[in-house]
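These notes are about the structure you will find just below.
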Amino acid sequence: MSFLLVQALSGLATAATLFLVSSGLTIVFGVTRIVNFAHGSFYMVGAYAGWSLIERFGGTPAGFWGSVTAAALAMGVLGAAMEIGLLRRLYRSPELFQLLGTFGVVLVVQDLTAWAWGPEDLLGRRAPGLKGSIDILDQPFPLYDLVLIGLGPLVLGLLWLLFNRTRWGTLVRAATQDREMASALGVDPARLFTGVLFLGCALAGLGGALQVPREAVTLQMDMAIVVEAFVVVVVGGMGSLAGAFLASLLIGQLQAFGILVFPQITLVLVFLFMAVVLVLRPHGLLGRAEEVPPTAPATVTVPLSTGGHTGSWALALLALLAAVPLVAGDYALILLTEVVILALFAASLHLLIGLGGLVSFGHAAWFGLGAYGSALLVKHMGAPMPLALAGAPVLAGLGALVAGWFCVRRSGLYFAMLTLAFAQIAWSIAFQWYAVTGGDNGILGVWPSSWAAGKAAYYWLTLALCGGTLWLLRRAAFAPFGYALRAGRDSGLRAESVGIDVRRFQWMAFVLAGSAAGLAGGLYAFAKGSVFPTLLAVPQSVDALVMVLMGGIQTVAGPLAGAVVFHLLKSEVMSLTDWWRLVLGLIIVALVLVFPRGIVGFLSGLRSSFVRRRA
Amino acid sequence: MSEPLLTIDGLQAWYGRAHILDGIALTVGRGEVVALMGRNGAGKTTTLKAIMGLVERRAATLRFDGRDLSALPAHRIARLGVGYVPEDRRIFADLTVEENLEVGRQPPRPGAPAWTPEKLFALFPNLAEMRGRRGTRMSGGEQQMLTLARTLMGNPSLLLLDEPSEGLAPLIVRQMAEAVRRLKAEGLSVLLSEQSLSFASAVADRACVIETGRPRWTGTMTGLMADDGVRAAYLAV
Amino acid sequence: MSKLPMSKLVVRDLQRSFGGVQAVGGVSFTLRSGDLLALIGPNGAGKSTCFNLLNGQLRPDSGSVRLDGTELVGLPPRRIWALGVGRTFQITATFASMTVAENVQMVLLSRARRLFGLWRPAALQFREPALALLERVGMAAQADRPCGVLAYGDVKRVELAMALASEPTVLLMDEPTAGMAPAERLALMELTAELVRERGLAVLFTEHDMDAVFGHATRVLVLDRGRLIAEGSPDQVRADPRVQSVYLGGEA
């Protein structure tokens, strides 16, 4: 009995931290309608900054709490700076750009933090005066956690006062409901938003700094917390403070007791909980029924062109690629094999984004599922390579069939969040189900059959399979199926009114894209000889998005160009410097702000303006 | 004669690609009530939104109180003393009556009547009885009063009133007309869009009749009431 | 061959409230083949709600809508479309990333249940019939332009061609001439009137432009605060004092 009580209390302590962070996220979303991926970064940097300050001044209670406060305020200032420098330019952008832009910040902050504080985990000192524990029904419970438990409701109360008893809070609530009307009454939205970002990020920083006495400060804190905070915000209802509090409590308990019942899949539990809530209560527990205003899908106003000579160009390119092994060495072939695989991966995502307007933030799930499918078939069933490769798209397709049923029920941001959740489920299984997947150690020794073992032979196999699938995807894009998908994206209302069952096409596209990504994953597993959970992780999904965005959403050829440039750039930069994430983050931010139409779109824009000038 | 408070000429506006306004021209003098009249779809609402900077617009002249409005965002226009009361009310439903008023509050400005919640509650006694109530629990007429009161908290010198009588019960319409006359007496200038001739004739000094986004007739309200031809052509069925 | 005027769409006692406020309160009327029936009324009278109830976008609280005797209430818009009720929108909604011809082809593909094709290019299917329809609405010359760059009035014509592509017997047009220049309005209404005669269509349309209503409608319905207050020929409706009072305000 007492054990259960202590377990519930520790769930409450978790909930308090979760609430601090997710309240900031939900406040920012409520007003700006941006899901700030970088929110976790403020939590992490808040923890690092808190650690430094506490090391220096944290010997006394005043010094300790002063340090925590200072770290929180510093994060608020950084958040306000991000609003002015980046978010302000993204308010009217499609959600893809908002999510990606803020993810670029995540990458930059990761490397800058590693540079400033080093890669080692840091252990902070305990809070002075709260080092011990007290007995609760004979079970020891840390005093500091007890303080945290009290802090959750305290912060909720203070926020309530701020929003209900001050002019600033009233203005924020008004702008949350109707931004345009508020500005017509003389409220400057820009200043209000800067203030909101200050508050939201300060809350994240506070949550981070408060962790210093509880756990090690690490470079992985940012993604771990932001994904959990997403779940809390979505479950509670996006923009709802009380919802975030309630959801934090529920998820805190789910984690505390889930670990007793299903220690292997605590993470899965959380995401399943979210998926179930979203299906039963589409707007979250306390969210309001109004739909998140649909931001413009990455608009395509130019018809996709089949291109007069595309067929001959593609054949010429294929012949050229097929001839590469005659001249190139092993290293170049390995690199090129990866490029071809990633091109298929990116093209499969482009099917969803470019044609369906469906921004998936978890496409790596299907890539990884294909890779793990192949690897597991080889490892546990001793399957030969052809069978294992065939299994990859099937397994990924089945996974996408189940996840897709949930995901296509919602559009826009909710779709992105749901795909992210399913990718996290897949990732947690790969990461936690040690007996089958090997957990963090992955699965090694996934090698091709002897006939395909040579670098050139495997390259040719990859080229044939990926080339063939790309061709099929392209046919589908220009066939009625692809048009129906575009019709649903261009105008769902019109599509439904001329008999197109938009959701069904989206579901089919989800499965098709998932299978193609699965095949790419299977090929990748054999190319590398191993699989790791990182194949299903968020950064892998973002890589795919960057490839699509780099190439340009508007064209079918875009993702291929994007894959080539991205992968070569990545290999090149990684061989030169350790700061790959910094570079990638800056590239993403630049793409989002300066080249939203990608390489191919940029080039064809240049071409058409050149043609116009000559005409 | 001094410059009118508001001068508009050659006003164009778009909703996406639909071209809604095509050359609207009108003036509102200090202390004057002007009715912008026309059937629904004529472009009345869009004209008011265009003045406020809430739709994509271009104008040869768009001057208020000696200042050019054409490059300013909505909140700057509001702070110059233009109060906008939308047709669809758009009260902040989660906020109480008092909080709605608080959102509209701006510092007093010279040359315009200064308002306080107490003064407004005297003008709209219904609101006084529900100051702590949330907007979700108010009737249409009460919401309309609140929208007007909220805008007045910004102490505007010009009021843009979009279809103030629409969808209101006759009793509330009379209260609304009375309120507009009181505001005029306080020294406010008003540009209101209206379909109802009876309401417009009860409050307005002058009328500007538009159709399909173009100005068709301008003159005094009594002139409009006397001109059967104009009424039949642009207002009646 | 001329068809006898028959009741295509029979609407009985349609009601719908939003949060306790009745938007449409007991509307009944009949639409016959060859009718060009205008639904007019001041802002907020319930015209849009009425339209959305007819095509299945909204579900009525009570009442019935029968097409040739088949009950439409409760069916999703897709099914109602498949039964022969076409529709155009007040705010144009075409597939902006496709060409004019492809927009019409999509409807033809959908009608032929060929949307799930993964192989043959869509642009090559049903092109001829699509061009014929575009010819009919005067858009054949622009068949290969992207829909996203057309003039507003032309988009409305494309919408009409898309609506006709499914060979509807009933056409619901929500403010067909909104946002168009006066000359374009006239041309579009004349085209619609021709189509009604030619194909024996039954058209119900809402409209602000009184020239369009009184110049072309065969009958007029007047809606005020969710209820029909007048029905009849354009001249009858124009002479009705109740209608005048609704439009001019006051107690008349």
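Note that the structure is a prediction, hence the values are computed from the model and not measured. To find a chain, count down the sequence lines: A is the first, B the second, and so on, and within it residues start at 1.
The candidate with the highest count of non-hydrogen atom pairs below 4.5 Å against chain A, out of B/Arg105, B/Met52, B/Met153, is B/Arg105.
With values rounded to the nearest 0.5 angstrom, B/Leu191 atom CG is found 11.5 Å from B/Tyr84 atom OH. Here the straight-line distance linking atom OG1 of A/Thr32 with atom CG of A/Leu197 works out to 6.5 Å at 0.5 Å rounding.
Neither the backbone nor the side chain of B/Arg76 comes within contact range of chain A; no heavy atom of the residue lies under 4.5 Å from a heavy atom of that chain. Within the 4.5 angstrom heavy-atom criterion, no atom of B/Ile77 approaches chain A. Both the backbone and the side chain of B/Glu102 come within less than 4.5 Å of a heavy atom of chain A.
Remark: A/Arg486 is positioned above the aromatic ring of A/Tyr483, its terminal NZ or CZ atom under 6.0 angstrom from the ring centre and at most 45 degrees off the axis.
A donor-acceptor pair shorter than 3.5 Å cannot be found between the side chains of A/Ser93 and A/Gln98.
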